[in-house]
There are 2 protein chains.
Amino acid sequence: MSITIKDVAKQANVSISTVSRVINDSKPVSDDIKMRVVKVIEELGYKPNPVARSLVTKKSRLIGVLIPDISDPYIAELLNAIEEVAKTYDYDIILCNSYGSLESEEHYMHLMQTKQVEGMLFLTYKLRTSHKNFFEKSQMPVVMINRDASELNLSSVSVNNFDAVRELTSKLFEDGHEDIVLIRNGKESDVFGPSQYEGFKQAHEDHGKSFDEESVYNGSFQVKHAYDIVRGLIQDKKVPDAIVATTDSMAVGAINSLVDGGYKVPEDVSVAGFYDTKIAELYRPRLTAIHQPIYDIGAVAIRLLIKQITGEAKETTHFYLPHDLIERESTRKK
Amino acid sequence: MSITIKDVAKQANVSISTVSRVINDSKPVSDDIKMRVVKVIEELGYKPNPVARSLVTKKSRLIGVLIPDISDPYIAELLNAIEEVAKTYDYDIILCNSYGSLESEEHYMHLMQTKQVEGMLFLTYKLRTSHKNFFEKSQMPVVMINRDASELNLSSVSVNNFDAVRELTSKLFEDGHEDIVLIRNGKESDVFGPSQYEGFKQAHEDHGKSFDEESVYNGSFQVKHAYDIVRGLIQDKKVPDAIVATTDSMAVGAINSLVDGGYKVPEDVSVAGFYDTKIAELYRPRLTAIHQPIYDIGAVAIRLLIKQITGEAKETTHFYLPHDLIERESTRKK
DNA sequence: TTGTAAGCGTTATCAG
DNA sequence: CTGATAACGCTTACAA
C-alpha cells in the first residue's frame, strides 16, 4: 500500500484539495499551511500517483518514439538526444522499434493512442498512405525526423538532403572524378531518397556531366547490400571512379567489397559516406562523409514536439539543420 | 472526447460491468449478450483506457529498462531483443539512459517507481550500494544484465566472463604469444571487470606463465581511451605480442593506434575483441572476438523478468549463456 | 484561503 | 448470468 494524498491530508490536518494545491501550486495556499503540508509530504515521502493524475488530466507525460531500428547508430545517437532533453522537460519516452515493417508501425501507432502518449516522434524508411491517414485522424502532435513532412502538414526536422548529396557529388567532380555512382537506400524507401537522387542529378548538371539513371543503385540500409552491389560492379567491369553511399555503413560495405576485389581505396576508387556516425572515424581509411548534426536533430525534434504539446507552437514548420562535408581518407583528388 | 465503456454499455443496452466482463472475459457472459457487446465495441471502435485500468488494477504493463548508453552497439542489440519479446507479451518499454552516471540512475530508479513500472531491467557499469538499497526497498522485480547479481539476491543473465577471457587468452598463448596485455573497462567499473580480470590471470596460470599486474590496463568504454593506452605502450616501447580488449570498439581503437604507430595487425601484434558486435565483421582486419549471444541475453532477461512479474518465477536465478570464440583476421598463430 | 464533492474510466464486490 | 455501486488517487469546480 503506497502512501496517498489522503494520508498526507490527514496527517497535516487539511483537506486533500489543499494538499493537491500545494503539490501543483495551482491556487494560493497560506504559508503556514503550505509549510505544514510540505513537511508532511517530506516525512511521509509522498509521491503523487501519476496514473491517477493522468486519468483526470488526460496527460501522461509520455512521448512515443517510433523508429525502424534501434541498432542503427544514427538512430541510437538521435535517441540519446531525445531521451536527454525529454528528461529535462520531465517527459518519458516509450520506445517502439518497427523494424521498418508497416504492420509493426501501424500496431504501434495505435498503441500510442491507447497508451495516451501526448505526442510522437516518427522516423520511417518509407512514408505511406496509412501513416498519413493515421496522422490526420488522431490529432496527436507528431514530428517527423529526417524527412520533410510538409506534404503531410506535419512538422519535421532534417538536413537538406538534396543539398548534401549535391555538394558531396560536386566535390568529387571537382576532385577530378568522372564516373560517379550513387548507392542509396532501396528504391522503395523514399525517406530522403527522392531529394538525394535529385541532388545527385543536379550535381551532374552543375558540372556539365551527362547523367545516367544507371549510375544510381538502390541498396538498402544493409551493409551486405552495398557490398553485393559493388561486387556486381566489379564483376561487370564497371568499377567507377567514385562512389557516394547514403549511409556510412553502406560506404564501409562498398570499401570492403572493393578491397576484397583487389582495388585500393582511395587510390583506385574514392568512396564517401553519409551521416558521419562513429564508424566514419573508426574505420580505416577514415571515411569522407557528410556530417549531420545528429544530436541536434534529435534535440530540435523533441523540443519542437514538446512545444506542440504545450501549445506553444501552433504552426507546423520544417527545420533544416546544417550539414558539413568532412574530408578524410576514403576519397582523394585525382 | 474518446469513447468509453459507458458508451458501449448504453449502446448495447447492458451494464458497464457486463461490458467489462466481455472485454476481460473475467466472468461468464451469455453468448448473445457477448456478441451484442462485441459488435458494439467494433462499431464504436472502443479501446479500453489503460490509465483508468491501471488505476484500479495497479498494473501498468510497462517495463523500465535502465541502461548506461543507447549508442553502445551491444546495448542497442540487447534492446532489439527486449523490445521485441516485450511486445509479444504486450508490455511496453520505458527507456532510461543514465550515461553511466549514478545520479541519473538514482533519478530513474525513483521515476520507475512513481511511473509504476511493473519491473525493470538493469544494466550498469558499476554496481553500488545505493543500487542495492533501492532494490531491497522497492520490492520491484528486477533482472540484471551482463552481471551476476546473486550477491544482491537478484536474477541476472550474462555470459561467463571469467571463462570467456580465460579462453581467449589461452588461445593466444597456444598460438605462441608470450606477452599479452588486457585492456579492460576502467578499474572503477566492476560490471564484469573482476571476473574478466580473474580469467585473464587464470589463463596465465593455466599455461605456466608468470602474471604481472602491469599487463592489465584500465580503459573505459571509449575507443579513444584504448587508442591512447596503446599509444603509450608504443612510446614506452612496451608493445606486447597480443592484446585482449574487453570491447570490440576498444579492440578497434587498439588496432588503429598500432597501425598509426607503424605496426601491422596481426603480423606484429594480435588483437582480439569482445562481444562480436557488427563492427567485428565490418572492420578490416576482421576482429577475432568472443561472440556473445546478445539477442538471446536480452530475450532471456526480459522473459525472466516477465515471469517474475507474473509470479511464475519465484526464485532468483542466474543464467549463464554460452559464448564462442570467433577467429577472424586480427590474430594469428606465431 | 480552505473544504466538499463530483468526476476521470475502469475493475471488483456483492446482491439479485 | 447480470447490474448497482464502491473503490482506485487525483484534480477541479463550486461553496463557504
Side-chain angles (χ1 to χ4, degrees), chain A residues 1-41 44-62 90 110-111 113-118 310, chain B residues 1-41 44-62 90 110-111 113-118 310:
Chain A
M1 288 300 105
S2 202
I3 129 143
T4 78
I5 198 172
K6 264 189 187 166
D7 304 319
V8 177
K10 193 174 297 173
Q11 190 71 215
N13 247 299
V14 294
S15 72
I16 59 170
S17 10
T18 303
V19 177
S20 174
R21 278 165 200 140
V22 345
I23 296 170
N24 304 294
D25 58 11
S26 41
K27 296 245 172 147
V29 174
S30 69
D31 281 356
D32 51 338
I33 290 202
K34 181 184 276 180
M35 274 175 42
R36 209 161 76 216
V37 172
V38 168
K39 200 174 154 218
V40 173
I41 288 180
L44 268 45
Y46 165 71
K47 306 254 187 241
N49 177 333
V51 175
R53 216 173 215 177
S54 291
L55 185 58
V56 27
T57 60
K58 306 288 183 206
K59 308 215 175 279
S60 59
R61 300 218 73 87
L62 244 32
D90 205 30
H110 286 105
L111 192 82
Q113 251 185 157
T114 71
K115 284 285 179 183
Q116 337 236 107
V117 306
E118 295 185 40
T310 60
Chain B
M1 289 303 104
S2 202
I3 128 142
T4 78
I5 198 172
K6 264 188 187 168
D7 303 318
V8 177
K10 192 174 299 173
Q11 190 70 219
N13 246 299
V14 294
S15 71
I16 59 170
S17 354
T18 303
V19 178
S20 175
R21 276 165 201 139
V22 345
I23 297 169
N24 305 292
D25 58 14
S26 41
K27 296 242 172 150
V29 173
S30 70
D31 280 355
D32 50 339
I33 290 202
K34 182 184 275 180
M35 273 176 41
R36 209 162 74 216
V37 171
V38 168
K39 200 174 156 218
V40 173
I41 288 180
L44 268 45
Y46 164 71
K47 305 255 187 238
N49 177 333
V51 175
R53 216 172 214 177
S54 291
L55 184 60
V56 26
T57 61
K58 307 289 185 204
K59 307 217 177 279
S60 60
R61 301 217 74 87
L62 245 32
D90 205 30
H110 286 103
L111 192 82
Q113 252 185 153
T114 72
K115 284 284 178 183
Q116 337 235 106
V117 306
E118 295 186 40
T310 60

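Throughout, a chain's letter reflects where its sequence line sits, starting with A, and its residues are numbered from 1.
Close to C:dT1, at under 4.0 Å from its OP1 or OP2, lies no side-chain N or O of A:Thr18.
B:Asn24 is listed as a side-chain neighbour of B:Arg53, based on a closest heavy-atom distance under 4.5 Å. Counting heavy atoms from C-beta outward, B:Ile5 and B:Ile23 have side chains that approach closer than 4.5 Å. The closest side-chain heavy-atom distance from A:Asn49 to B:Gln116 is below 4.5 Å. Contact annotation: the side chain of A:Thr18 never approaches that of A:Arg36 to less than 4.5 Å [non-hydrogen atoms, C-beta and beyond].
Closest approach of A:Pro50 to A:Pro48, counting heavy atoms only: CD-O, 3.2 Å.
Nucleotide C:dT1 holds its P atom 11 Å from the CG atom of A:Asp32, rounded to whole Å. Per the geometry, CG belonging to A:Asn13 stands 9 Å off P belonging to C:dG3, to the nearest Å. The NZ-C1' distance, from A:Lys58 to D:dT12, rounds to 14 Å in whole Å. For A:Lys59 and D:dC10, the NZ to P distance is 19 Å, given to the nearest whole Å. What separates CZ of A:Arg36 from P of C:dT1 is a distance of 15 Å, to the nearest Å. Straight-line distance from the NZ atom of A:Lys10 to the P atom of C:dG3: 15 Å, rounded to whole Å.
For A:Asp90, there are no side-chain hydrogen bond (donor to acceptor under 3.5 Å, both in side chains) partners, not counting sequence neighbours.
No hydrogens or angles considered: nothing links the side chains of A:Ser20 and A:Ser17 as a donor-acceptor pair under 3.5 Å.
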task = Spell out protein contact along nucleotides 10-15 of chain C as letters: B when the base is contacted, S when just the sugar-phosphate is, - when no protein heavy atom is under 4.0 Å; keep the 5' to 3' order.
result = BBBB--
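Nucleic acid contact for A:Val14: sugar-phosphate only, since backbone atoms but no base atoms lie under 4.0 Å from a heavy atom of the residue.
Here the NZ atom belonging to B:Lys34 is positioned 11.0 Å from the CD1 atom belonging to B:Ile41, to the nearest 0.5 angstrom.
Tested against B:Val22, the residues B:Val8, B:Val38, B:Val40 include a single side-chain contact (heavy atoms from CB on, under 4.5 Å) partner, B:Val38.
Axis angle across the helix from C:dT1-D:dA16 to C:dG16-D:dC1, with five pairs used at each end and values rounded to 10°: 40°.
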